[in-house]
Amino acid sequence: MSLESKLEALLFFKGEPMTKKKAETALDCTREELESALISLQTVLANRGLCVISNGDEIEMRTAPDMGEFIMKMTKEELKSDLGRAGLETLTIILYKHPIKRSEIDYIRGVNSSFILRNLLIRGLIERMTERDDFLEQGRGFLYKPTINLLAHLGISKIPDLPEYAKVKAEFESFAREEGMAEIKEKNEW
Amino acid sequence: MSLESKLEALLFFKGEPMTKKKAETALDCTREELESALISLQTVLANRGLCVISNGDEIEMRTAPDMGEFIMKMTKEELKSDLGRAGLETLTIILYKHPIKRSEIDYIRGVNSSFILRNLLIRGLIERMTERDDFLEQGRGFLYKPTINLLAHLGISKIPDLPEYAKVKAEFESFAREEGMAEIKEKNEW
Amino acid sequence: MSFTVKQEHFEGSLELLLDLIEKRKLFVSDVSLAKVADDYISYVKDLSEFPLADSAHFVLIASTLLLIKSKSLLPTLDLTTEEQASIEDLERRLRLYERMRKLSHTLRPLWGQKMLFARGERELLPVFSPDDSMTISNLLSAAYHVLSNIPKKEFLPKIIMDKVISLEEMIMNLTKRISASLKMSFKEFTGGIEKDKKVNIIVGFLAMLELVKQGIINVRQEKHFEDIHMETENVGVPKY
C-alpha cells in the first residue's frame, strides 16, 4: 500500500479540499513525503478521468479538465455564476498575487473593494488566510487567496498553470521593488 | 479521451452507485462498450487507492478494500477534531434562526459555508429539513435546523430558552433581509 | 478633442483613467496622462452625487493629474519631491492595473469552460459528536461575534477625509504657484507657438482648478449624511 495510493483514497474519501497539514496527519508522513506522493499521484492520473488540484496549501481530487465539457453537458448544469468586470479583475489580482491585503487590491484598482471581496467570499471563490484574532487586532487586515473552487472554474489544476504566471509574478516583484525605492527616496529627501 | 477515463470521471462525479443503464446514456455508448471500459478501468485501478465495484446492475467508485482501516481511523479522528470558530458561529446562527437556507448563513457570515455545513451534518449537530418538500422543489436549496441531540447536549428543552433569544434572532433576521435586497441590487448592477 | 464619459458609470478611478487613455489610443506615460487630465477632471466634478467612499479615490487621482497637467503647461514649475513621487506612483499603478485588466480578459473565456468537478455527495451517516467548545455561553459569544462582524454603516475613515481636504489646499496652493510662475517666466511663452494661445490654455486651466475646488467642497459636504457603507475590518488606506 504505497503512500500515493493512500493519498488517492484519502482525497477521494474526503471529497472536498483538505489542507496539506491535515493530509500529513492522516497519512502520518512528512511534508516532503506528501509532496513527493502528490507528484507521483499526479503522474499516475495524467490522461485519466481524475486529477488533483491545489491552490498551494490545500489539495482536492476533481474530475480532469478534459472531462468538464462532457459532464457539464450531461448534467445540463448551467454555470449561473456570471462574473462582472470588477469581480473578474479582483479575482485576477488575487490569483496572480496572494496572499494579498484588501488595501493592496484597493491600491491596484483605485477603488474600495470591500463589497466585491465579500461577494467573492460568499461565492466561495476566494478565502481569508487567517482567522487569528491577534493578527486582526494588529490592524493588519485579512489576507485573501484563491480557493480551489476558483481554479476549478478556470479549468486549472495549479496556480503556476495560469497564463503568463511566472512573468506576471516577476513583474509584481519588480513593482514592489520600485515602489519600495520610491518610498525610501521620499523618506531620505524629506 | 478514452471511454474508461470518461467512466472514471462519471463515477467520481456521481459519488453514489449508478445503474449501468444511466452510465450508458451519460457516456453515449452500448452495454458492450461500457462493460469493456469497466474492465479496463478496473485493471488500471488495480493496486491503487480506488476501485470500482459492480453488483450486476449498479456500479460505484469507492476506496480500495485495503484502505478501509486507514479511512476508518481517519474518520474517527475527524469526529473528535475541534469545530473551530467557524463551526461554532454557523451552529449558533442555525440555533437562533431556523429553518435557514445556506445562502442566508453565507450572507450573515460573509463567507461560503458549504464545507462547514457538511461537517456539522456528519457530526449530527444539524440536519436538513425534509418536511417541506414543496420548498425544495422550488430549487432554492436545503433548509437547515439543529438536531434534538444538540439541544439535549446543550441542556435546552426548547429553542426560546437560548440566552437572549428574541434579541439575537431579530438581529440575524433583519440582516438576512437586508442582504436579500442587496443580492437583487447586485444582480442588476454587475 | 475630448471624450464624454459622464453617461457611463465607472466603478474604479483607475478604470476610468485607463479607458480615457485607451480611447485616445495612447500608452501610459506622463504625456498621455496630461492629455486626459481635463476629461478625467470633468468626470470627477460630477461625482458629488456619488458616495464619498468611492469618489474619494477619484479625487485623489485627480490631484495627481492636476500636477501632471500643470507641469506640462509650465515646464518651469518646480515640483516637490513628494509631488514628483506621486506622479511616478500613479504611472506605475496604472501600468499594473492595465496589466491586470488585460489578464482578466485572458481569463474570461476560460471561465466555466473546462470546469473541474468535485466528487458527488455521498450518503451521510451522522455520528453525534459535539466538541468541548459547545456550551451555551460559547454559543452566545459566537453570536455576538457574528453580529459584530456584520458590515455596518459608518463614516469614511478619517485618513481619506484628510487627504480630500488636503487636496483642496493643494489646489489653492497650485493656483498660486502657477500664477506666480506665469509672471516670472513669461519669456518661456514667446518661444514656440503663439503666446496668446498658450496663455489662454493656462488661464482656462486656472479656471478649471477653481471649478474642481468647488466640486471638492461639494464632495466634502457629503460627510454629513450617514449612508456610507464600509467594511468593519480595519480599513487599510492606500497611500498616495
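Each chain gets a letter, A, B and so on, in the order its sequence line appears, and its residues count up from 1.
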With a 4.5 angstrom heavy-atom cut-off, could you sort out which part of [X] is near chain C: side chain, backbone, both or neither?
| X | answer |
| --- | --- |
| A/Y165 | neither |
| A/L11 | neither |
| A/F172 | side chain |
| A/L88 | both |
| A/K97 | neither |
| A/L95 | side chain |

Among [options], residue most engaged with chain C (heavy-atom pairs, under 4.5 Å):
| options | value |
| --- | --- |
| A/D66, A/I53, A/V168, A/L162 | A/V168 |
| A/E16, A/M67, A/E164 | A/E164 |
| A/T90, A/I156, A/T92 | A/T92 |

message = Show, in sequence, the C-alpha distance, side-chain angles and deciding distance for A/N149 and A/T147, and conclude whether the side chain to side chain donor-acceptor pair (under 3.5 Å) test is met.
response = CA-CA 5 Å; A/N149 201 27; A/T147 60; 5.2 Å; no
message = For A/D57, I'd like to know if atom CG has over 12 heavy atoms of other residues, nucleotides or ligands within 6.0 Å.
response = yes
inquiry  = Does A/S114 form a side chain to side chain donor-acceptor pair (under 3.5 Å) with A/R102? I'd like the steps, not just the answer.
reply    = CA-CA 8 Å; A/S114 320; A/R102 202 200 78 204; 3.2 Å; yes
request  = Would you name the heavy atoms of A/S54 and A/L151 that are closest together and state the gap between them?
outcome  = O-CD1, 3.4 Å
key: Taking every non-hydrogen atom, the tightest pair across A/P65 and C/K114   = O-CB, 3.6 Å
I'd like to verify something: which residue of [options] has the highest number of heavy-atom pairs under 4.5 Å with chain A?
| options | answer |
| --- | --- |
| C/R122, C/R108, C/E121 | C/R108 |
| C/L103, C/L107, C/T106, C/L110 | C/L103 |
| C/L96, C/L94, C/T80 | C/L96 |

query = Do A/E60 and C/R119 sit within salt-bridge range, that is, some charged N less than 4.0 Å from a carboxylate O?
reply = no
ask   = Would you call A/R109 and A/E104 a salt bridge, using N to O less than 4.0 angstrom?
value = no
task = Show your reasoning for whether side chain to side chain donor-acceptor pair (under 3.5 Å) applies to A/E89 and C/Y97.
result = CA-CA 9 Å; A/E89 260 173 42; C/Y97 174 69; 2.9 Å; yes
